[in-house]
Undergrad: 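Okay, here's the structure, questions in a sec.
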2 protein chains.
Amino acid sequence: MTGERGVPPTTVGRLPRYLRALAGLGAQGVATASSRTLAAAAGVGPAQLRKDLSFLGSHGTRGVGYDVEHLSRRLTVALGLTSRRRVVIVGIGHLGHALANYSGFAGRDFTVVGLVDADPEVVGTTVAGLEVQPAERLARVVAEGAATIAVISTPADVAQDVCDTMVAAGVTGILNFAPRALRVPPAVDLRVVDLGSELQILAFHDRRKTELSS
Amino acid sequence: MTGERGVPPTTVGRLPRYLRALAGLGAQGVATASSRTLAAAAGVGPAQLRKDLSFLGSHGTRGVGYDVEHLSRRLTVALGLTSRRRVVIVGIGHLGHALANYSGFAGRDFTVVGLVDADPEVVGTTVAGLEVQPAERLARVVAEGAATIAVISTPADVAQDVCDTMVAAGVTGILNFAPRALRVPPAVDLRVVDLGSELQILAFHDRRKTELSS
DNA sequence: TAGATTGTTAATCGATTAACAATC
DNA sequence: TAGATTGTTAATCGATTAACAATC
């Protein structure tokens with residue numbers, strides 16, 4: 001049993017930012033950083049940073065700060081980035097294409113092991129060095145690639161079917177870009193990126209700025 | 001002064017989902033929906049749905065439910081989707097390209113009025129029916145297009161500069177895809193989509209499932 | 001009227017922030 | 001030792017959920 005039992009979801013959501021901030025400081029040659037410095041780089045408050053890190057155990061030195069190198073390693077372990085995660089991307093339209101080529105996806109920590117699409121025009125083409133597989137082979141691609149993470153960038157109407165198939169095939173984490181609420185078993189982790197909603201939320205605030213003529 | 005003063009941010013974040021759920025029900029021919037039905041379609045609890053909607057005023061009928069048509073209109077107004085918002089996209093790489101073609105962006109509610117990139121190879125090409133403009137023209141593209149919303153899909157190192165330029169040119173809402181924390185004035189609304197972080201968060205949970213060998 | 005369902009209040013829960021004792 | 005800064009506790013704040021009176 002390690003120290004990070006019961007890390008709150010909001011804290012988990014900030015850990016990647018801390019890791020990135022540390023990488024930035026490290027690249028600048030900074031060896032030790034206070035919570036104040038590190039928090040500023042990550043765009044949060046120092047109290048929040050210390051509280052978040054405390055869930056992973058005690059990794060700073062009082063009166064001194066945090067060792068950039070040591071804390072980076074600690075966060076890398078906490079985030080499960082010590083071994084590469086295998087990812088399948090389903091739906092190779094404009095967005096899926098972009099994701100397959102995205103450096104954050106195909107980088108050090110993740111390996112794209114399969115691309116799947118339903119369109120015969122797309123199947124068989126090579127995207128980001130991989131041949132796009134047909135929809136019928138979805139379960140096999142997941143199982144044979146031993147993928148644990150799936151990215152869904154299909155049209156909304158097939159997203160739930162695709163999701164069900166992949167969960168049955170062994171995926172435990174899903175990143176959904178399709179504008180549709182998906183149902184997954186409790187053991188499967190679901191994250192949603194809803195681009196349309198993001199714009200609409202901006203529109204909400206925009207409206208309140210421009211229509212001050214009340 | 002309308003009814004939606006002080007709508008909590010978490011509620012605002014769910015309004016687009018409600019609007020989409022209503023559209024789905026409407027397409028099925030459903031004229032009236034209870035909070036239970038609508039909440040199920042949106043993937044939230046009925047209590048939360050009613051509480052969220054109550055911030056916009058009283059729009060249901062006790063003992064009956066919500067009129068799908070009427071509530072849709074109400075949400076459309078609340079979200080500021082009665083007039084089209086003008087959007088500029090900066091950084092026309094794989095992702096920017098996908099976003100320019102994304103139906104949720106170029107659809108009924110939003111108009112892409114400008115595409116900007118720094119790469120001479122990309123400048124001058126036509127993407128989604130628009131000619132990509134050079135970086136030097138960024139401020140002019142924003143001002144002349146009267147854009148209020150900006151999408152940043154540039155590399156991280158130029159994101160803050162791009163952001164500053166656009167804020168100065170009149171943008172009031174920013175959707176940032178660059179993996180970098182941006183600073184904006186309080187009056188500017190900033191939303192962040194961090195694709196790399198999303199995968200790392202999935203990896204965090206994935207690790208805890210696969211490494212139960214403690 | 002009786003049954004159903006909203007809108008709202010109160011209770012619970014979790015997250016953030018502030019303050020400070022521990023300690024380098 | 002004196003100054004600095006963590007790790008943690010307590011206080012604040014906000015969001016969710018449950019319960020129910022209002023009312024169609």
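None of the values given here were measured: they were computed from a predicted structure. First the proteins, then the strands, lettered A, B, ... as listed; each starts at 1.
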Undergrad: Could you tell me whether A:Asp194 and B:Arg17 make a salt bridge, using a distance below 4.0 angstrom between a side-chain N and a carboxylate O?
TA: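 No, A:Asp194 and B:Arg17 are not salt-bridged.
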Undergrad: Tell me, which stems hold DNA chain C, with a stem being 3 or more Watson-Crick or G-U pairs in a row and both distances under 3.5 Å?
TA: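 Detected stem regions: C:3-24 with D:3-24.
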Undergrad: Taking the side chain as every heavy atom from C-beta outward, state whether A:Val88 and A:Val171 have any atom pair closer than 4.5 Å.
TA: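 A side-chain contact under 4.5 Å is absent here.
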Undergrad: Among side-chain atoms of B:Thr32 and B:Asp67, is any donor-acceptor pair under 3.5 angstrom?
TA: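 Side-chain D/A pair, B:Thr32 to B:Asp67: absent.
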Undergrad: Going 5' to 3' along DNA chain D, which are the first and last nucleotides with any atom under 4.0 Å from a heavy atom of chain A?
TA: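 So the contact region on DNA chain D extends D:dA4 to D:dT9.
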Undergrad: Relative to the 5' end of DNA chain C, which residue comes earlier, B:Val64 or B:Ala47, by the nucleotide with the nearest heavy atom?
TA: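 Looking at the nearest nucleotide for each, B:Val64 comes out on the 5' side.
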Undergrad: Any side-chain donor paired with an acceptor under 3.5 Å for B:Arg84 and B:Thr111?
TA: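 Looking only at side-chain atoms, B:Thr111 and B:Arg84 do form a donor-acceptor pair, the distance falling under 3.5 Å.
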Undergrad: Between B:Ser35 and B:Arg50, is there a side-chain donor-acceptor contact under 3.5 Å, judged purely by atom types and distance?
TA: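 Per modelled atom types, B:Arg50 and B:Ser35 side chains form a pair under 3.5 Å.
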Undergrad: Is the backbone of A:Gly145 close enough, under 3.5 Å, to the side chain of A:Arg86 for a donor and an acceptor to pair up by distance?
TA: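 Pair found, side chain donor or acceptor close to backbone of A:Gly145.
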Undergrad: Report the residue (A:Ser35 or B:Arg14) whose heavy-atom-nearest nucleotide on DNA chain D is the more 5′ of the two.
TA: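 Nearer the 5' end of the strand: A:Ser35.
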Undergrad: Both A:Pro8 and A:Arg50 contact DNA chain C. Which one's nearest nucleotide lies toward the 5' end?
TA: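 Of the two residues, A:Pro8 wins.
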Undergrad: Compute whether any side-chain donor of one residue and acceptor of the other, for A:Asp164 and A:Gln160, lie under 3.5 angstrom apart.
TA: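 Distance-only check passes for A:Asp164 and A:Gln160.
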Undergrad: Strictly below 4.0 Å, N to O, side chains only: are B:Asp157 and B:Arg180 in salt-bridge contact?
TA: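 Looking at B:Arg180 together with B:Asp157, the answer is no, because their closest N to O distance does not fall below 4.0 Å.
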